[in-house]
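Data first, discussion second: the structure below is written as C-alpha cells.
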Amino acid sequence: MQDKHKEFEKEMLPHMSALYNFALRMTGDPDDAKDLVQETYMKAYRFFDKYSQGTNAKAWLFRIMKNSYINRYRRESKEPDKVDYDEIKDFYATVKGSVADTNDLQEKIFGNLFEDEVAKALQDLPEEFRTVVILCDIEGYTYEEIADFIEIPIGTVRSRLHRGRKMLRESLRRYALQRGYRDLNNEAD
Amino acid sequence: MDCRESQELMSGAVDNELRGDQAAEFFEHIEICSGCRDEFELENLTKTYIRRMITMVDVPHDLQQSILLQIETSEKRGLTYGFWSSLVSNKFFQPFLAFGFVALIAVALFILNKSNTLIQSEKSWPLTSPQATNLDALSAAEDNFQHVLTGTLRPEITSTAISDVLTYVKEKAGYSINLPLIPKVDWVGAAITDGDNRPIAHVIYKMGETYIYIFAFPEKYLDARVVKLPLGCIKSISGDNWYWTHDSNGDLQAVWAHDGNICVATANIERNELVSLLSSKEYHR
C-alpha cells in the first residue's frame, strides 16, 4: 500500500496545477474547482491500477476530470442564436491602422475589461468551445495534447478553437460596449 | 486556397500548428485577401488578450494536503470499502459474480414483497417502440432515458417490489431477466415494447433524483439483427466484462450480458455508484 501511495504521489500530484486551473475556468468558482480536483484525484487513486505507468498521466487525469465535470455540471450548452461576427471585424478594419501597439489595439476593441469580466465571458462559452480555449490559450497545450485530453480529432480541436475564439471576442466586445465604453470608432475621427 | 479553406486553417495558423505547406498556402492567401487577413489578426489578438487577461493561478495551498488526507482516510475506512472497490476495479471481475449473491436476503424480501403495492399505469410506453431491425441499443437507451428523466415515458407498472417487475416482464415479454435488488428504491417500474413480435423489456429504478434505466433483451436479438451494439461492446460483454461508455448527454451507460440476456443500463450517477448499485444482491427469479 505504501508503494502505491508513493507511486501515485510521484506520478499524479505534479499535474495538480494544470487540473486546478482548468477546473477553475470551467466552473468559474474556486470551491467547485477544488471539489472537482479532489474528486478527480480520489477516482484516480481508486483506479490507479488501471493506469499504465509511463503513459501520459496528465491526459489520464484530464479524462477523469472531464467525465466528472460532465456528470456534475451537465447542462444545456447552446451556441448563441445569432452572432454578428462581422461587426467586430469591420470595426477592427477601421481601427487597426490607427494604433501600432497590440495592447492599444486590444484596448480599443475590448475596452478596459477586468479579469473577472473576461473570465465570465469565457465561462459563458458553450462547454465544448470553452474546453479547447482554456487548454490552448490559457494552459498552452498543443493541438495534439488537447486532442488526447478530450478525445477528439485534431481537426475538431482546430475548428472548435476558431469558432470558440470568434464567439468569445464577440462577447468580450459586447461586455466592453455594455460597460459604457463608447464605440471608439466615433472617437477615432 | 479560397476563403473557406483559409477559415478552416485559421486557428492552426494562429497557434503555429500548420504543416509547412499549409502554412505557406495560408499566408499566401491572406497576403491577397484582406478579409481573411483581418480575421487572422483579430483571432491572434483575441488569443493574446485572453492569455494576458487570464493567468494561471496557484493551487490553493491546502488542496494537496486535503487530497492526501482523504486518500488516507478512505483507505483506513476499512475492509468493506476496499473489498468492493477492488472487486469493481479488477478487470477480471465478471458481472455475473455480482448476481447470485445472498440468496437468503432475496428469499426474505420475497416474503416481504407480498405486502407491496402494484400500480398499473394507464400511460402508454411505445413512444419509442423499436424498429423491426437493427435498433441501436445504446442510442435507443439514451433517447428513452431522456424521456424517463423528463417524465414523458412512464413505466406500465410500478411497484416497490422487484418481484412484481420480474413477474410482469416474464409474463408480458415471455422471457425472464435477472435484475439487481437495489435497496431503498422509491419505485421500480417496467414496460415492454414489442417490435415485430420481439419484445424488449424496459426497467426503471427511481431513487430520489437518481434514475437507472435498463434496456434488456435476449442475446439472440443480436444475431437476428433486431438490435445492434458496437463491436467493442460485444467483445467486452462476451468476455463477461462490463462495457462502459457515456452517452451524448454525459449519462453513464453500462452494458453486460447475463444468462442469455443483454442489459444496457443508463443512469445519471457516476460509475462507482452505478457499479455498487448494480452489484446489489440479486433477486432470484
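A note on names: the letters A, B, ... follow the listed sequences, proteins ahead of strands, and every chain is numbered from 1.
Taking both residues in full, the closest heavy atoms of B/Met53 and A/Leu113 are given as CE-O, 3.0 Å, listed atom of the first, atom of the second, then distance. Residues A/Phe110 and B/Thr46 share a closest heavy-atom pair of CZ-OG1, 4.2 Å. When all heavy atoms of B/Glu270 and A/Glu39 are compared, the pair lying nearest together is OE2-OE2, 2.8 Å.
Remark: A/Glu144 CD is loosely packed, at most 12 non-hydrogen atoms of other residues, nucleotides or ligands lying under 6.0 Å away.
Contact of the A/Ile138 side chain with the B/Arg51 side chain is not registered, since no non-hydrogen atoms from C-beta on lie closer than 4.5 Å. A heavy-atom distance below 4.5 Å is not found between the side chains of A/Tyr45 and B/Ile67. Between A/Val157 and B/Glu17 there is no side-chain heavy-atom pair separated by less than 4.5 Å. Side chains of B/Val57 and A/Tyr20 form a contact here, defined as non-hydrogen atoms less than 4.5 Å apart.
No part of A/Ile154 comes within reach of chain B, as not one of its non-hydrogen atoms sits under 4.5 angstrom from that chain. Residue A/Phe8 touches chain B through its side chain alone, counting heavy-atom pairs closer than 4.5 Å. Of the atoms belonging to B/Thr48, heavy atoms from both backbone and side chain fall under 4.5 Å from chain A. For chain B, no part of A/Leu19 is nearby; none of its heavy atoms comes within less than 4.5 Å. Neither the backbone nor the side chain of A/Arg160 has a heavy atom closer than 4.5 Å to any heavy atom of chain B. The part of A/Glu9 that comes within reach of chain B is its side chain, from C-beta onward, which places non-hydrogen atoms under 4.5 angstrom from that chain. Heavy-atom distances place the side chain of A/Asn21, and not its backbone, under 4.5 Å from chain B. A/Ile134 does not touch chain B: none of its heavy atoms, backbone or side chain, sits under 4.5 Å away.
Put simply, CG on B/Asn272 and CZ on A/Phe47 are 6.0 Å apart, with the number rounded to the nearest 0.5 Å. Within the model, atoms CZ of A/Arg169 and CG of B/Leu42 stand 4.0 Å from one another, a figure rounded to the nearest 0.5 Å. A distance of 11.0 Å separates CG in B/Leu9 from OG in A/Ser159, rounded to the nearest 0.5 Å. Atom CG of residue A/Leu168 and atom OH of residue B/Tyr49 lie 10.0 Å apart, to the nearest 0.5 angstrom.
Sorted by first and then second residue, the pairs that involve residues 3-16 of chain B and meet side-chain hydrogen bond (donor to acceptor under 3.5 Å, both in side chains), not counting sequence neighbours, are A/Tyr143-B/Asp15, A/His162-B/Gln7, A/Arg165-B/Asp15, B/Arg4-B/Glu8, B/Gln7-B/Glu39, B/Asp15-B/Lys47. Residue pairs satisfying the side-chain hydrogen bond (donor to acceptor under 3.5 Å, both in side chains) criterion with at least one member in residues 21-31 of chain B, sequence neighbours excluded, are listed as follows: B/Arg19-B/Asp21.
Taking B/Asn44, B/Val59, B/Ile54 one by one and counting their heavy-atom pairs under 4.5 Å with chain A, the maximum is reached by B/Ile54. With respect to chain A, the highest number of heavy-atom pairs below 4.5 Å among B/Ile50, B/Leu45, B/Thr55 belongs to B/Leu45.
For the pair B/Glu43 (side chain) and A/Lys166 (backbone), a donor-acceptor distance under 3.5 Å is absent.
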>> Run A/Tyr41 and B/Leu68 through side-chain contact (heavy atoms from CB on, under 4.5 Å) and show every step you take.
In response: CA-CA 9 Å; A/Tyr41 272 97; B/Leu68 292 176; over 6 Å; no

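One side chain, B/Ser66 or A/Gln38, offers a donor N or O that lies under 3.5 Å from an acceptor on the other.
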